[in-house]
Amino acid sequence: MLQQTPVDRVLPHWSTWLARWPAPSALAGEAPGEAIRAWGRLGYPRRALRLHEAATRIARDHADLVPADEGSLRALPGVGDYTAGAVRAFAYGQRALALDTNVRRVIARHDHGLPFPEGAVTRAESTYADSIQPQRTGAAWMAAVMELGALVCTARQPACERCPIAASCRWLALGRPEGTPPRRQARYAGSDRQARGALLAVLREAGGPVSQRQLDAAWPDARQRARALDGLVADGLVAPASRGRWALPD
DNA sequence: CAACCGTGGCT
DNA sequence: TAGCCAAGGTT
C-alpha cells in the first residue's frame, strides 16, 4: 500500500484491510476482485492484485507466514528491492536496506550535496547506501533515516533548522543548491491511466457484473475507453462475464 | 532504461 | 492553477 502512496492516505485502508484479512490465508480465501474492491481509491490497483497473489503464495508455500529472507520475499509478486528490505527491517528487525524516496533524498543531500536523487536507483547507489549503514544497527538506522527524510528532509520545504545532522550536510553547506529535477510525471488529466481508473471505479462500486453501456458512460472517448479496457483485462483487473458483461476477477 | 501504472493534497 | 510529489514494481 505504501508504494508511491503517502503514509497518511494508507493508514485507514491498512487498518480496515487487516481487520478483514488478518492473515495471508484469509485474503487468499477470497476472490482477487474483492481485494481490488477493498483497495478503493488508493491508486495503482495492480498492487491489490499482486498483494492477493502474494498472500496466496505465502499461505501455500510459507505456512501462512510472510518470509523473512531476501530471496523468498523478492520472489513474491509486487515485492521489489524496497519492499523486501522494508519487510526485513521493519517487520523482522534485520539490518536491511530499504532505499525508498526518503532515504535516497537524505543521502543525496547529506552525503553528495545534491538537491534530490537522480532517476532510477543504480547499483552504485545501493552499494553506497549499504556501505554507510552501520553493521550492528538492526533496523534502527534504516528507520531513523527514513523518518528523517519523511518528516524533516522533505522534498519541498526541508526543515534544516531542526535537522539533527545539519552540521555535516553537504547540501546545506553548499547553500541548498536547486538543480534541475529528474523525470517529470506524465500528465494525468485525460490520460489512459485516468480512463482505466474511471472504468475500474464503475466495477468497484457495482455489486456484480456491469454492462458495456455502463462502462461507456464512464469515459467519453470510445477509442481510449477500448484501449483502457483492453489494458485492464490484460492486467487481470477486469474479466469478461456472461452475456457480454464485465466484472472484477473471481 | 524509459515508460507505464492511480489518486489526491498541497502550493 | 497547473504542476509537484508521494515508504515502487514491472515490462
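Within every chain, numbering begins at 1; the chains are lettered A, B, ... in the order of the sequence lines, protein sequences first and strands thereafter.
- Contact annotation: side chain of Gln185(A) to base of dA6(C), donor-acceptor pair present below 3.5 Å.
- Residue Ser191(A) is out of contact with every strand shown, counting any heavy-atom pair closer than 4.0 Å.
- Taking the P atoms as reference points, dA3(B) lies 16 Å from dC4(C), given to the whole Å.
- In this structure, CE of Met1(A) is placed 16 Å from P of dG9(C), rounded to the nearest angstrom.
- Regarding contacts with the backbone of dG8(C), every side-chain N or O of Gln3(A) stays at 4.0 angstrom or more from both OP1 and OP2.
- For the atom pair Leu172(A) CG and Arg109(A) CZ, the distance stands at 10.5 Å (nearest 0.5 Å).
- Following rounding to the nearest Å, Glu118(A) (CD) and dA2(B) (P) show an atom-to-atom distance of 12 Å.
- Rounded to whole Å, the distance from CG on Leu99(A) to C1' on dG8(C) is 11 Å.
- Considering only side-chain atoms of Arg46(A), the nucleotide from dA7(C), dG8(B), dC5(B) that sits closest is dC5(B).
- Phe90(A) comes within contact range of no nucleotide atom at all, as no heavy-atom separation falls under 4.0 Å.
- One can place CG of Asn102(A) at 12 Å from C1' of dG8(C), the figure rounded to the nearest angstrom.
- Panel note: side chain Trp171(A), backbone Pro177(A); a donor-acceptor pair is recorded below 3.5 Å.
- With hydrogens and angles disregarded, a donor-acceptor distance shorter than 3.5 Å links the side chain of Arg95(A) to the backbone of Pro134(A).
- If you check every strand for non-hydrogen atoms under 4.0 Å, Asp81(A) touches sugar and phosphate atoms only.
- Nucleic acid contact for Ala155(A): sugar-phosphate only, since backbone atoms but no base atoms lie under 4.0 Å from a heavy atom of the residue.
- In this structure, the nucleotide among dC5(B), dG3(C), dG9(C) sitting nearest to the side chain of Tyr82(A) is dG9(C).
- Here the nucleotide nearest the side chain of Thr5(A), chosen from dG6(B), dG9(B), dG8(C), is dG6(B).
- Donor-acceptor pairing under 3.5 Å, judged by distance alone, is present between the side chain of Arg156(A) and the base of dC4(C).
- Nearest-nucleotide mapping onto DNA chain B: of Ala120(A) and Arg41(A), the residue sitting toward the 5' end is Ala120(A).
- dT7(B) atom C1' lies 16 Å from atom CG of Asp192(A), rounded to whole Å.
- Inter-residue side-chain proximity for Arg105(A) and Asn102(A) is flagged as met; some heavy-atom pair is nearer than 4.5 Å.
- Using a 4.0 Å cut-off, no side-chain N or O of Thr101(A) falls inside it from OP1 or OP2 of dA7(C).
- Here the nucleotide nearest the side chain of Tyr44(A), chosen from dC5(C), dG8(C), dA7(C), is dG8(C).
- At dG8(C), none of the side-chain N or O atoms of Arg47(A) fall inside 4.0 Å of OP1 or OP2 (strictly under the cut-off).
- Arg105(A) comes within contact range of the sugar-phosphate backbone alone, with a heavy-atom separation under 4.0 Å but no base atom that close.
- Of the candidate nucleotides dG3(C), dG6(B), dA7(C), dA7(C) has the atom lying nearest to any side-chain atom of Ala150(A).
- Nucleic acid contact class of Gln157(A) (heavy atoms, under 4.0 Å, all strands): none.
- Among the nucleotides dT7(B), dA7(C), dG6(B), the one closest to any side-chain atom of Arg9(A) is dT7(B).
- Formation of a donor-acceptor pair under 3.5 Å by the Asp64(A) side chain with backbone atoms of Ser25(A) is found in this model.
- Rounding to the nearest 0.5 angstrom, the gap separating the CG atom in Asp130(A) from the CD atom in Gln135(A) is 7.0 Å.
- Arg193(A) comes within 4.0 angstrom of a base, heavy atoms only.
- The same atom, C1', is picked in dG6(B) and in dA6(C); the two are 12 Å apart, to the nearest Å.
- Using a 4.0 Å heavy-atom criterion, one finds that Leu42(A) contacts the bases of the nucleic acid, with or without backbone contacts as well.
- At whole-Å resolution of the value, CD in Gln224(A) and P in dC5(B) are 10 Å apart.
- Nearest-nucleotide assignment on DNA chain B puts the 5′-proximal partner with Ala186(A), out of Gln194(A) and Ala186(A).
- Rounded to a whole Å, the CD atom of Glu125(A) is 15 Å from the C1' atom of dC1(B).
- Ring geometry for Trp39(A) versus Trp17(A): interplanar angle over 60°, hence perpendicular rather than tilted (30 to 60°).
- For Arg74(A), taking side-chain heavy atoms from C-beta onward, the closest of the listed nucleotides dT7(B), dT10(C), dG3(C) is dT10(C).
- dA7(C) and dA2(B) are spaced 23 Å apart, taking the C1' atom of each and rounding to whole Å.
- Between the P atom of dA7(C) and the CG atom of Leu97(A) lies a distance of 16 Å, rounded to the nearest Å.
- Arg204(A) comes within 4.0 angstrom of the backbone, heavy atoms only, and of no base.
- Counting non-hydrogen atoms of other residues, nucleotides and ligands closer than 6.0 Å to CZ of Arg20(A) gives a total above 12.
- As judged by a 4.0 angstrom heavy-atom cut-off over every strand, Gly80(A) is placed among residues touching the sugar-phosphate backbone only.
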